[in-house]
Structures are given as C-alpha cells and as structure tokens.
Amino acid sequence: MNEPVIIIGAGGHGKVVADIVCRSRDRVVGFLDDNPNCGSSFSGFPVLGTTAEFTRVPEASYIIAIGNARVRERLAAKIQGIKWYTAVHPSAVISETGTTVGEGTVIMANVVINPGTTIGRHCIINSGAVVEHDNVIEDFVHVSVGAKLAGSVHIGRRSWIGIGASVSNNVVICEDCMIGAGGVVVRDIEKPGTYAGVPVKRLEKEEENCLCKV
Ligand SMILES: CC(C)(COP(=O)(O)OP(=O)(O)OC[C@H]1O[C@@H](n2cnc3c(N)ncnc32)[C@H](O)[C@@H]1OP(=O)(O)O)[C@@H](O)C(=O)NCCC(=O)NCCS
C-alpha cells in the first residue's frame, strides 16, 4: 500500500501498468523511457528520463512495461540492484494453492490463475487470460488478452501467446514462439518461430523474423 513505483516504458502497456499500480493503492512516481522525444509527462505522470541517465530512487520499486520480450530481458539484465514491482490487478483471481508469480510480472484485469502454476519473472498475463492448474510459464512470456492455457501447459522463455489463442492440456511450447491470434495449439512445439491457425501450423518465415525475436 502506497509503495512508490517507477515504470520503465511510457507507451500503451505502461499506461495500463500505471492504472494497475493506482488501483493497487500504490503510487506511480513516474516513467522512464529511452526515447529522448518522449516529452516530460505521460498519462498524467512525469517522465523522469532514460534508463541510462536516471538517478535511482532507493525506496522505489521498478517495473518494465514494454511488450517486446527481448527488450524486457535486456533491461532486466542491465538494471541491477533494484527491487522489481509485481503488478497484480485487484480483479485477478490467483490461487493461493501452490501458485507463484515471479518479480516484475504484470497480471491484468480478470485474469484467472489456478493451483500449482508457476509464473516466471517479467511476464505479462494480459486481461482476461486463463492459466489453468499446474502450468509452468517461463520468464518473459506474454499471454495475450483472452488467451486460455489448459492444465499442465509449459510455455518456454520469451514466447508470446496471441490474443484469444488456446493451448490444450499437457502441451509444451518451446522458447521464442509466437502463437497467432485465435490459434489453437494441440501438439508440442519444439522449434522457435511463428505459428497460426486452427490447429496452428508454422508460418513460412525465417526464424529471425519471429516477432518475439526483435
Ligand atoms: C501470427 C502473426 C504474428 C503473423 O503476423 P505476420 O508475421 O505479420 O504475418 P502476415 O500478416 O504477413 O500473415 C502471413 C500469413 O499468415 C496468415 N495469418 C496471420 N495471422 C494469422 C492468424 N492469427 N491466424 C491464421 N492465419 C494468420 C495470413 O493470413 C497470411 O496468410 P497468406 O500468406 O495465406 O496470405 C499475427 O498475424 C498475429 O496473429 N499476431 C497476434 C497479435 C496479438 O495477439 N496481439 C496481442 C496484443 S495483447
């Protein structure tokens, strides 16, 4: 309650994170953003500077509000020795039976996370997503708006489950996968890349083009 929070990333996602911080009765100190043309305020809060130039506020916690998993990962590795804030919207239903949520993760409105699930660090579990029992969600994963993961699913590091996608029970998705909007995953995915459709198929693209590898 009333914890001071600095948000890294003054964009659309940052705006949502600021809203969650306020609804959690904590306090947004301001934003950091590496775009020098970002201006002096964003969404009603001051822009304090870039991640390189800012002076640490010892009592504050920090959260990275940037959609791109590679950028989140780089910043989390670069910015050491601070306390990460975990943003949980008050409407989220998170089981207290063997479920853990890693530091720096954002859990948005109306999310349901069921027992025995492990959510990694700096993940985004977006509005209305359902993560069923005994899932393992590795660091820097994004589960988009309304996506549904059945029981005992495993999602690899940096993977991005698109809006409204579904993943069947016991499926393992490796690291650096993008699952397209509305996609249905019924078999394990062992190779990084972009997959879409019902059931999902790999798109004919070079691996480097995968959106989560920018
Ligand atoms: C899958 C996705 C990443 C592909 O984007 P892309 O690499 O730019 O691909 P393109 O738009 O060039 O489409 C390539 C082909 O895949 C098809 N395709 C793209 N997305 C698809 C989807 N979600 N389901 C089925 N087919 C899809 C396209 O129709 C196209 O087919 P064609 O070659 O026969 O014309 C993107 O369409 C997508 O679904 N993004 C999800 C965004 C999202 O969930 N945001 C969440 C915010 S919370």
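Computation of the quantities below employed the complete heavy-atom set of this structure, encompassing side-chain atoms and omitting hydrogens, waters and symmetry-equivalent molecules. Counting starts at 1 for both ligands and their atoms, following the listed order.
K191 has no carboxylate O lying under 4.0 Å from a charged side-chain N of E175, or vice versa, which leaves the two without a salt bridge. Under 4.0 Å is where a charged nitrogen must lie from a carboxylate oxygen, and between R23 and D19 at least one such pair does. Salt-bridge formation is not detected for the pair D139/R72: no Lys NZ or Arg NE/NH1/NH2 atom is positioned less than 4.0 Å from an Asp or Glu carboxylate oxygen. A salt bridge links E73 to R158: at least one charged side-chain nitrogen sits closer than 4.0 Å to a carboxylate oxygen.
Using a 4.0 Å cut-off to heavy atoms of G180, the atoms of ligand 1 that qualify are 1 (C), 23 (N), 39 (O). For ligand 1 and G162, the ligand atoms under 4.0 Å from any heavy atom of the residue are 44 (O). Shown in contact with N126 at under 4.0 Å from a heavy atom are these atoms of ligand 1, numbered in order with element: 48 (S). If you number the atoms of ligand 1 from 1 as listed, the ones under 4.0 Å from a heavy atom of M178 come out as 3 (C), 40 (N), 41 (C). Per-residue contacts place L203 under 4.0 angstrom from the following atoms of ligand 1 (heavy atoms of the residue considered): 4 (C), 16 (O).
Applying the ring-ring contact (aromatic ring centres under 6.0 Å, His included) test to every pair with at least one member in residues 70-117, sequence neighbours left out, gives these pairs: W84-H122.
Remark: the E3 side chain and the S61 side chain contain an N/O donor-acceptor pair separated by less than 3.5 Å.
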* Test log, rule salt bridge (Lys or Arg N to Asp or Glu O under 4.0 Å), inputs R121 and E138 -> CA-CA 7 Å; R121 299 165 60 241; E138 292 188 18; over 6 Å; no
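Under a 4.0 Å heavy-atom criterion, W160 is in contact with ligand 1. G197 counts as a contact of ligand 1, since one of its heavy atoms falls under 4.0 Å from the ligand.
Of the options G12, S144, A196, the smallest heavy-atom separation from atom 21 (C) of ligand 1 is shown by A196. Between G164, A181, G183, it is A181 that holds the heavy atom closest to atom 38 (C) of ligand 1.
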